[in-house]
Amino acid sequence: MAPADLESRTRYDPAETEERVFARWRDSGLFHPVPEGTPEENYSIAIPPPNVTGVLHMGHALNGAIQDALIRLNRMRGKRTKWILGTDHAGIATQKQVERLLETEGTSREALGRKAFEERVWRWREQYGSSIIDQYMRLGASVDYDEERFTLDERYVDAVLRVFVELFEKGYIYRDNRMVNWDPGLRSAVSDLEVEEREVTDTLYYVDYPLASGNGSLTVATVRPETMLGDTAIAVHPDDDRYTRMIGETAILPLIGRRLKIIADPYVKPEFGTGALKITPGHDPNDFDIGREHGLDEITVIGEDGRMTEHAGERFAGLTTLEARDAVVAALREEGRIAHTEPYVHNVPFSERSGERIEPLISLQWFMRMDELVTPAVEAVTDGRIAIHPENWTRVYLHWMENIRPWCISRQLWWGHRIPVWYRGDETYVGVEPPRGSGWEQDPDVLDTWFSSGLWPFATLGWPDQTEELKAFYPTDVLSTGREILFLWVARMIMLGLEFAGDIPFTDVYLHSIIQAPDGRRMSKSLGTGVDPLALIDGGPRPPVFTQGGDFPAYGADAVRFGLLAMSSTQDVRFNEEKVAQGRQLANKLWNASRLVLLRLPAGLELSDVAPRPGAVEDAWILSRLQAAKADVALALDEFEFHRAVLRLYAFIYDELCDWYLELVKPRLYAEGDDSGAAAVALHVLAETLALAHPIIPFVTEEIWGHVPGSDGLLMAHAWPEPDPALADPAAEDEVGRAITAVQELRGWRDRVGAAAGATVPGRLDASGFERTAAAVARLARFEWQSDGGRPVATVGVPGGSIVVLESEAVDADAEARRARERQDLLRKEIARAQGRLANQGFVAKAPDAVVRAERDKLARLEAELDELRI
RNA sequence: GGGCGGUUAGCUCAGCUGGUCAGAGCGCUUGCCUUACAAGCAAGAGGUCCCCGGUUCGAGCCCGGGACCGCCCACCA
């Protein structure tokens with residue numbers, strides 16, 4: 001239990017609190033629900049599995065805050081909630097990391113051999129794999145820690161292999177020799193989605209290819225002269241008059257002497273370069289297609305190691321592509337084959353994995369045909385069974401799906417799901433279990449990591465077995481992630497979920513913001529722009545990108561959650577430390593507001609005896625405002641408008657609860673033997689506020705909850721506060737609303753005339769609608785009402801009339817005269833504006849009545865105040 | 001080359017279906033150690049809502065054009 005000395009803890013201390021509170025949550029077992037009920041009754045989210053190599057970064061923290069807010073909200077709504085936890089083996093990333101480690105030990109993957117290497121990775125994973133999960137705990141994430149999945153768990157592997165085999169049997173998966181994106185750094189194929197284009201300035205070489213006939217030559221333009229060693233044709237546009245007579249002729253490939261047929265293909269753009277295109281089917285995706293169409297030879301001159309092969313010829317074999325380029329250019333120059341060169345800016349594919357330039361080459365790989373899987377996945381979104389938020393990403397999703405291409409799913413790695421295919425001579429065996437008999441050799445490749453991630457929402461629940469978990473929690477509810485993996489992951493989960501689990505994997509996709517560094521760059525550790533969420537929680541060092549140095553204050557998990565949610569948007573945003581600070585202020589504010597209420601509670605008063613029965617107008621007011629806040633926060637969360645939810649919560653707690661209600665109710669709260677029920681209402685409102693805030697700032701609210709007399713059990717398990725329409729009270733809102741305005745006007749007046757802060761100013765309340773709030777207005781504005789006597793020295797307009805300030809030492813006549821003039825000027829300007837509008841016939845005739853009436857009321861109010869001021 | 005988004009106070013950002021929408025937090029100024037909180041309270045200054053046209057009685061909000069910034073997709077040598 002928490003330290004009981006609320007009295008002395010004048011600040012909320014997250015460091016002292018969080019671990020203790022988390023342990024209570026975890027021990028409650030609520031994170032780990034019994035699999036019962038139907039997916040409609042239950043609420044589940046499958047966490048985007050972090051890489052086993054990963055450490056918690058800002059993206060995880062934001063997504064953690066989002067998902068936990070949703071989970072906690074729905075748990076409080078009485079749903080059985082399960083936040084499915086697990087990690088991804090992350091083939092490439094993990095393999096690279098362990099390889100680097102091996103390098104420091106002076107050894108290598110190859111030296112160890114496949115089996116030993118795999119064992120090494122497993123050991124490495126046991127050592128480091130779970131750190132990210134501990135970090136999720138620090139955030140307060142209520143994931144089901146008791147059931148942690150891993151994409152290489154035995155059961156998961158079984159699901160992956162089964163899916164592979166079934167897709168193979170359906171004819172969706174096939175093996176083919178095709179052009180792939182070869183990553184020479186990784187020495188593996190990668191998928192189209194793992195390739196990024198970068199702008200590069202290259203040289204465009206114009207190379208003369210002599211015609212076999214001896215009648216001149218044909219000039220082609222190329223940025224990659226080294227690939228010409230693999231040329232097998234030259235193509236021109238069929239309608240290009242310059243070349244039509246040459247179609248069917250033969251050119252001679254310089255340096256090599258190969259005879260190249262001159263072919264016609266509409267793909268060629270006559271206006272580019274010379275209008276003649278050298279065709280290298282072995283190393284250019286377009287040329288590959290043209291080559292297949294025209295039945296051209298495919299010559300591989302660049303090998304998987306990124307060096308020229310023997311087919312490039314003796315002079316060049318063994319050179320890297322860059323060396324080969326220089327050598328080829330030099331040789332061409334020697335022969336006088338280079339007509340001219342020019343700089344050329346274009347986009348070049350690079351591997352996102354290794355950062356190296358992609359080498360397109362022909363390779364024997366496994367592919368997956370997507371066209372048939374796409375149809376139901378498109379339908380699920382177009383018919384609304386799956387909603388994507390923000391909505392405009394729906395189109396992006398559909399567009400990509402409609403233009404989907406085969407997916408290269410094999411990777412030449414060792415860490416991952418080994419492809420369940422075995423070869424023996426000409427025989428091929430495909431199956432989950434290895435084949436019987438001897439002499440079989442398994443395909444050495446593993447599957448793309450995203451292939452296994454695609455099964456995440458159902459494989460984590462035990463599929464293909466019809467487990468209780470699967471029955472209770474599939475389909476899941478929300479999938480929250482960054483938009484960069486909408487295609488890579490989300491789309492594939494939808495396709496595979498529909499195909500194998502027989503239903504959509506989730507009903508809503510929420511694409512959250514990417515949080516950039518404060519200067520707008522990408523957050524990255526190596527750039528010094530990465531902000532570590534744990535440094536924010538615990539008070540670690542600020543990264544170099546911050547103008548301010550030193551350590552972060554220990555903001556605490558609630559502050560980080562609040563701050564991240566406040567930053568989140570439909571677009572990418574810059575990291576903003578102030579928002580985190582705002583979260584900390586809120587936690588502290590709520591803490592102290594709670595101290596005020598809880599330390600003043602009459603002995604014996606318990607939450608269970610407390611009904612929201614207003615004993616004064618401010619009670620009715622706060623109860624009414626509370627209902628509005630509850631409705632707004634819930635709506636914002638349900639609409640995935642997290643920043644709106646948290647800022648509304650902030651505004652309610654700060655402005656309405658603390659600035660006004662608690663100040664208004666204080667005298668009653670402090671009064672000995674108060675019988676107006678102030679404590680009961682305050683306690684009720686506090687309890688509801690804690691519940692309302694809990695999904696956003698769970699730690700501080702749970703901690704305070706422990707101090708609420710009669711609070712039963714955990715706040716985490718408490719009912720979500722639904723708005724009670726019976727407590728809406730427009731009359732009280734109006735009444736207290738005008739009191740608030742009056743106090744603000746009076747305070748503003750005091751400040752303008754320089755009234756001493758401590759002085760009580762005499763005045764006469766000359767306005768209606770203050771029957772129940774006059775005393776409060778006087779107290780909060782430091783006024784004293786006098787019914788008679790005193791010389792009027794100023795008039796302050798308030799709703800429903802005005803307040804006449806009476807002569808006293810506190811009022812400086814000159815200052816007041818100045819202030820009155822300023823006020824009159826302002827009023828005249830506003831009056832002129834309103835009159836102008838009302839004089840406009842179009843406005844009066846066409847604007848809605850309510851708008852016109854409001855304008856008239858406003859004018860009357862302004863004129864009345866101006867009249868008052870003239871006295 | 002297509003598509004999408006952004007440009008609102010010094011900074012980071014809200015502004016839903018056009019009419020108290022010109023906002024928040026931070027920063028800044030001024031005054032307060034008022035018995036929940038100085039990580040506090042109160043008051044205030046600060047903005048041709050990127051530019052140019054248009055629609056409308058009325059436009060940050062709708063339409064057209066332009067400028068700059070960013071993201072996604074894309075196999076033109």
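Throughout, a chain's letter reflects where its sequence line sits, starting with A, and its residues are numbered from 1.
Salt bridge annotation for A/R819-A/D812: absent, with no cationic side-chain nitrogen under 4.0 angstrom from a carboxylate oxygen.
OP1 and OP2 of B/rA24 both lie 4.0 Å or more from every side-chain N or O belonging to A/Q582. Considering only side-chain N and O atoms, A/R395 lies under 4.0 angstrom from the phosphate OP1 or OP2 of B/rC4. Using a 4.0 Å cut-off, some side-chain N or O of A/K589 falls inside it from OP1 or OP2 of B/rC41. The shortest distance between the side-chain N/O atoms of A/R750 and the OP1/OP2 oxygens of B/rA42 is not below 4.0 Å. In this structure, A/R11 does not reach the B/rC37 phosphate: none of its side-chain N or O atoms is under 4.0 Å from OP1 or OP2. Within the 4.0 Å cut-off from OP1 or OP2 of B/rA14, at least one side-chain nitrogen or oxygen of A/S569 is found. Phosphate proximity of B/rA77 to A/Y344: present, with a side-chain N or O under 4.0 Å from OP1 or OP2.
In this structure, A/H512 atom NE2 and B/rC71 atom P are separated by 16 Å, rounded to whole Å. Atoms CG (A/N576) and P (B/rC13) sit 7 Å apart, rounded to a whole Å. The separation between A/Y397 atom OH and B/rG3 atom P is 22 Å, rounded to whole Å.
A gap of 33 Å separates the P atoms of B/rG3 and B/rC11, to the nearest Å.
Annotation: cation-pi pair A/K589/A/Y654 present, NZ/CZ under 6.0 Å from the ring centroid and within 45° of its normal.
Base contact: A/R584 has a heavy atom under 4.0 Å from a base atom. Counting non-hydrogen atoms under 4.0 angstrom, A/Y205 reaches nothing in the nucleic acid.
Nearer the 5' end of RNA chain B, as judged by each residue's closest nucleotide, is the contact made by A/V851, out of A/V851 and A/L662.
Glycosidic conformation of B/rG60: syn, with the torsion inside 90° of 0.
Base-pair partner of B/rC68: B/rG6 (Watson-Crick or G-U wobble, both distances under 3.5 Å). Pair check for B/rC11 finds B/rG25; Watson-Crick or G-U wobble, both atom distances under 3.5 Å.
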